[in-house]
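Here is the structure we will look at, set down as structure tokens.
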Amino acid sequence: MCGIVGIVGRSAVNQHLYDALTVMQHRGQDAAGIVTCDGGVFRQRKGNGLVRDVFRTEHMERLTGNFGIGHTRYPTAGSASSALAQPFYVNSPYGICLGHNGNLTNADQLREQVFQADLRHINTDSDSEVLLNVLAHELQILGKLHPDADDFFTAVRGLHRRAKGGYAAVAMIAGHGILAFRDPNGIRPLIFGEREVDGGMEYMVASESVALDVLGFRIVRDVAPGEAIYLDARGTLTTRQCAESPRLRPCIFEHVYFARPDSIMDGVSVYKARLRQGERLAEKIRRLWPDHDIDVVIPIPDTSRVCAQVIAYELDVKFREGLMKNRYIGRTFIMPGQAIRQKSVRQKLNPIELEFRDKNVLLVDDSIVRGTTCQEIIQMARDAGARHVYFASAAPPVRYPNVYGIDMPSSEELIAHGRSEQEVCEQIGADWLVYQDLADLISCSRDGNPTIEDFDCSVFDGKYVTGDVDGSYLARLHDNRNDDRKQQREASTRAGETGLVGLHNHNI
């Protein structure tokens, strides 16, 4: 899961891109990058770390130009090397930079095609670089010295025929403009907006609507599945449907966990979806346990807070902030190694004892992935004096890995994989466990936009909407995502990092 942004303005866009990436920092904390275009020349800065750490005043001063793109990286495919910080760049044709959110399910086959048939070199193991080279090749074969919007749409049409999986991307073509597109299933989010400045229009495309809100852009609409939009350097907007059979099937886990609650995705208010998740979960608790003895509802910060507030209200029990969060610890479910994850949970959250002592506590979280976090928190609650510790998940059991851009572990590392809900309850050490029903979760999102026929719910039901994910693919995914493989990859990255230092912080 990453954050992408592109802006075509009437003046320098460097600060606007920085602000947008800061707003979308939750979508990727591993690396950040900005590329601007000034007089046909790309200006670039990218590196590992948070947005505020990657960019200094001297970097911002060099990022000149009236249009540019930015990216915050969440490590999905590939390692945490600074070589994988985006946007990526190819010099032919024209000079193209690209930032990508999602994951290609046929990246290995495409990588071979790009090398053997397209005669293009891939320098990293990132599927984003593969996507960039596919786009570059589709433009190259057109043979146009001066391409127009129709040519860019033709290239995206060719890309859709070749690329499989979930992807939203923003690309900048030197001296021409910005091209943004979304996969034919609309799995990954993308939205665009406009604002009037000095009598002319500026345009912005981003992963989440909140980035447009903060920068004062009026939301026009979501980019449709399979659609591409082209913003030329003069500020002209053109859109085109480029997929043969597009169908909107967005990732429902965005509404559960990744998106900011103040965002609107495909017409669905994330905040209201989470309110409804709390209502449905409270209804289930009352149905299963009408004479419950819950004294207090405590959210596991931050994404479960909205849901927990509604549960407390509906059950007519107290809502309390009993866990204080250290916001400088990264997401624990993507950290390699059980011991590291357990240590990070203890550093990340600290209980307020008076909210737990001698109480029956219902802890609420957005989901349970590996189970490491909730297991540690349940023990923390007991250590703080809780009489009984109950647990509620705003999402159904996560039993299958995600293949469209969320670095969830392999199936064997998911606590609910191959286990009943009662077995999960015993594994995490809770006195009682309740999950959201999948039908209810879907209803919570669809109520916000009834025109959405289907959602990607593959982490819950194992049904992969692109139709190209089978047992052999998941086996390869397991080999690449299990803890041992991640630790080997990180060790290899650290050993080779020295030779890469300095390659990514200069003008292209």
Side-chain angles (χ1 to χ4, degrees), residues 26 29 256-258 260-261 274-275 277-278 281-282 284-285 289 292-335 337-395 397-398 414-416 421-436:
H26 62 287
Q29 302 171 22
V256 171
Y257 177 62
F258 266 101
R260 274 181 46 155
R274 291 178 184 170
L275 285 175
Q277 290 167 18
L281 200 48
K284 184 175 182 179
I285 292 171
W289 194 8
H292 70 81
D293 61 356
I294 300 167
D295 296 316
V296 61
V297 175
I298 294 178
I300 297 175
D302 287 310
T303 46
S304 63
R305 183 172 288 113
V306 175
C307 177
Q309 287 174 331
V310 176
I311 291 175
Y313 177 81
E314 294 291 334
L315 297 181
D316 194 24
V317 298
K318 294 178 180 178
F319 172 86
R320 292 290 185 268
E321 295 280 0
L323 295 164
M324 294 297 104
K325 183 177 181 180
N326 179 347
R327 302 181 185 281
Y328 304 98
I329 302 293
R331 290 186 171 119
T332 53
F333 78 78
I334 62 173
M335 291 181 178
Q338 187 76 357
I340 295 175
R341 284 190 292 270
Q342 289 173 337
K343 179 181 178 181
S344 295
V345 171
R346 290 280 180 168
Q347 293 175 338
K348 183 177 182 178
L349 296 170
N350 192 48
I352 299 175
E353 184 175 326
L354 63 88
E355 297 296 352
F356 290 89
R357 179 67 59 188
D358 298 325
K359 296 177 182 178
N360 296 329
V361 178
L362 176 65
L363 296 172
V364 181
D365 206 353
D366 54 78
S367 58
I368 304 173
V369 183
R370 278 189 171 98
T372 306
T373 299
C374 56
Q375 188 175 25
E376 285 292 309
I377 294 171
I378 288 169
Q379 187 57 51
M380 288 163 56
R382 296 194 189 283
D383 293 343
R387 259 198 322 266
H388 293 98
V389 183
Y390 313 125
F391 204 94
S393 169
V398 177
L414 297 167
I415 193 169
E421 294 183 15
Q422 180 57 38
E423 288 171 332
V424 174
C425 181
E426 294 170 1
Q427 191 79 11
I428 65 176
D431 294 305
W432 186 70
L433 169 65
V434 59
Y435 280 104
Q436 186 87 259

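Because the structure is a prediction, the values reported are computed rather than measured.
Ser304 approaches Val364 most closely through the heavy-atom pair OG-O, 2.9 Å. Nearest heavy-atom pair across Gln277 and Ala394 is OE1-CB, 3.9 Å. Looking at every heavy atom in both residues, Gly322 comes nearest to Phe356 through O-CE1, 3.3 Å. In this structure, Ala416 and Val398 approach most closely via the heavy-atom pair CB-O, 3.5 Å. Residues Glu321 and Pro299 share a closest heavy-atom pair of OE1-CG, 3.8 Å. Nearest heavy atoms, Ile368 versus Tyr435: CD1-OH, 3.8 Å.
Interatomic distance, Ile377 CD1 to Asp383 CG, rounded to the nearest 0.5 Å: 12.5 Å. Residue Asp365 holds its CG atom at 7.0 Å from SG of Cys374, rounded to the nearest 0.5 Å. Taking CD1 from Ile378 and OG1 from Thr373, the interatomic distance works out to 10.5 Å, rounded to the nearest 0.5 Å. With values rounded to the nearest 0.5 angstrom, Arg370 atom CZ is found 11.5 Å from Ile415 atom CD1. A distance of 11.5 Å separates CZ of Arg320 from CG of Asp295, quoted to the nearest 0.5 Å. Note that CG of Leu433 is 11.0 Å distant from CG of Leu363, once rounded to the nearest 0.5 Å.
Ring pair Trp289/His292 is perpendicular by interplanar angle, where above 60° counts as perpendicular and below 30° as parallel.
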Criterion side chain to side chain contact (heavy atoms under 4.5 Å, CB included) on Phe391 and Ile300, from CA distance to verdict: CA-CA 10 Å; Phe391 204 94; Ile300 297 175; 3.6 Å; yes
Step by step, work out the side chain to side chain contact (heavy atoms under 4.5 Å, CB included) result for Ile294 and Asn360. CA-CA 5 Å; Ile294 300 167; Asn360 296 329; 5.6 Å; no
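Between Pro301 and Leu323 there is a side-chain heavy-atom pair separated by less than 4.5 Å. Two residues are said to be in side-chain contact when any heavy atoms from C-beta on lie closer than 4.5 Å; Ile285 and Leu362 meet this criterion.
More than 12 heavy-atom neighbours from other residues, nucleotides or ligands sit within 6.0 angstrom of CG on Asp293.
Under a 3.5 Å cut-off, the side chain of Arg387 and the backbone N or O of Asp358 do form a donor-acceptor pair.
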